[in-house]
2 protein chains.
Amino acid sequence: MASRTGDTREEIVRLGMEFIQTYGYNAFSYADIAKKLNIKNAAVHYHFPGKEDLLIEIVGQYIQRYHDLARALEAPGLTSRKRIQAFIDRYTTLCDQGKICLIGSVGSDYFTMPETVKKKLGELVELVLGMVEGVLRDGKKKGEFSFPETPRVRALLMMTNLAAGVQLARITGQKDYKAICNSLVKQLADT
Amino acid sequence: MASRTGDTREEIVRLGMEFIQTYGYNAFSYADIAKKLNIKNAAVHYHFPGKEDLLIEIVGQYIQRYHDLARALEAPGLTSRKRIQAFIDRYTTLCDQGKICLIGSVGSDYFTMPETVKKKLGELVELVLGMVEGVLRDGKKKGEFSFPETPRVRALLMMTNLAAGVQLARITGQKDYKAICNSLVKQLADT
DNA sequence: GAAAAAACTTACTACTTAGTAAGTTTTTGG
DNA sequence: CCAAAAACTTACTAAGTAGTAAGTTTTTTC
């Protein structure tokens, strides 16, 4: 009865991620997923016995996406500016969809998360921070960027600006988010 | 049977705020509050018929606290640096308690919130941003601060750094949060 | 095309959720 | 000290939650 195209399993993960980034982890149920996919509750449990299993898979796929992005950014011929813009664009896409960063979403419910998920979230954060840090360090070395902080701290600042920026955009609208993005780019400018 | 000291009503609000900032809005129940106060479920409903009513009161009191802070910062004899530090200190206190900013917490579950709460959240954000913006503008005028952005954008940047900073601290520890704080202060330095 | 494995549905459990109606205790004010 | 208002408790509902066991359909594989 479900959509014949593709994998039900993948659809569950896709929807789960969408729900987490839209409503939060503790605000969606297996029933919500089942309803949207026109399958029964138990079918979701067949693929992911517990909500914890689903969450682990979601975070895992999110990590995979960032690995892919990190890989893509290693391509030669890209300026550091374009590399950092690709990172910012990820958040802008989220913002346009009314979603928020997975890290920010799960960060709010962090203490309700199982230990296995907490560990994977640590992995995810280090991956993202490391990626941005690398781009910033490289850009600074090449004289494309100029900033007073260490690349690590600059990465922290950018990431927190973007993560909270998309959350804030829900409340105050996108104008403030855009202002943040513009400022972030300017701050890196080689003056 | 409940604590004889003070108001049950106030205790409910206090606990509700604590739960929201620790576990998230959709991760605590009236039963959790009742249990901690040694009262029955229905007693909580007596003071706040619905969860929405409680949430409105919580956000209202949070707004009041920021009004009080804004008032306190108007006292003469305070340097702009001390004023902005008082703002940062609020977040540091949260961070030390493992809590996160109410705005950040509710931002994750934003689309599950009733309209009345969304409106009050807009109020809260404008209040906080306006307060920080005022301090920054004043400090710049007096030559205490030096930054290239408008005070509004600088306020946005600081607030998002702090809000996401305390969330991140749950995952990566307080070291990164401290680095953010240090950097924020330095960025305002009159070089 | 039959056996076997995968992907489901049906039908259920045990628990938690917000919320309410009616009665009881406690506090307060005249 | 007594009436009335406030602050509860008891006992319940209706709906939603994650999760499971057993049976059915669909798909794959040989």
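Proteins come first, then strands; the chains are lettered A, B, ... in the order of their sequence lines, and each starts at number 1. Note that these values count all heavy atoms, side chains included, but never hydrogens, waters or copies made by symmetry.
When the P atom of C:dC8 is taken as reference, atom CG of A:D7 falls 8 Å away, rounded to whole Å. In this structure, the CG atom of B:L37 is 10 Å from the P atom of D:dT9, given to the nearest Å. Taking atom NZ of residue A:K40 and atom C1' of nucleotide D:dG23, one finds them 16 Å apart after rounding to whole Å. Remark: C1' of D:dA7 and CD1 of B:I12 are 11 Å apart, rounded to the nearest angstrom. In this structure, OH of A:Y46 is placed 15 Å from C1' of D:dA22, rounded to the nearest angstrom. Rounded to a whole Å, the CZ atom of A:F48 is 15 Å from the C1' atom of C:dC8. Atom pair A:R9:CZ and C:dA5:C1' shows a separation of 17 Å (rounding to whole Å applied).
Taking CG of A:L136 as the start and CE of A:M131 as the end, the distance is 10.0 Å to the nearest 0.5 Å. Considering OH of B:Y23 and CD1 of B:I100, their distance stands at 12.5 Å, rounded to 0.5 Å.
For the pair A:K51 and D:dA18, the criterion of a side-chain N or O lying under 4.0 Å from OP1 or OP2 is met. Regarding contacts with the backbone of D:dC8, a side-chain N or O of B:H47 is found under 4.0 angstrom from either OP1 or OP2. Residue B:T8 places at least one side-chain N or O under 4.0 Å from the OP1 or OP2 atom of D:dC8.
In this pair, A:F28 and A:Y25 present their aromatic rings perpendicular. The plane angle is above 60°, beyond the 30 to 60° band.
Side-chain atoms of A:T160 come within 3.5 Å of backbone atoms of A:L157 as a donor-acceptor pair (strictly under, hydrogens ignored).
Listed by residue number, B:F28, B:S29, B:Y30, B:A31 are the residues of residues 26-34 of chain B with a heavy-atom contact under 4.0 Å to DNA chain C.
At a threshold of 4.5 Å between non-hydrogen side-chain atoms, the residues B:V13 and B:H47 do not count as touching.
You'll find that the side chain of A:A43 is closest to C:dT9, out of D:dC8, D:dA18, C:dT9. Between C:dT20, D:dT9, D:dA21, one nucleotide has an atom nearer to the side chain of B:H45 than all others, and that is C:dT20.
Judged by the 6.0 Å distance and 45° axis criteria, B:K51 is not positioned over the aromatic ring of B:Y30.
Under 3.5 Å, the side chains of B:E149 and B:Q187 contain no donor-acceptor pair of N or O atoms.
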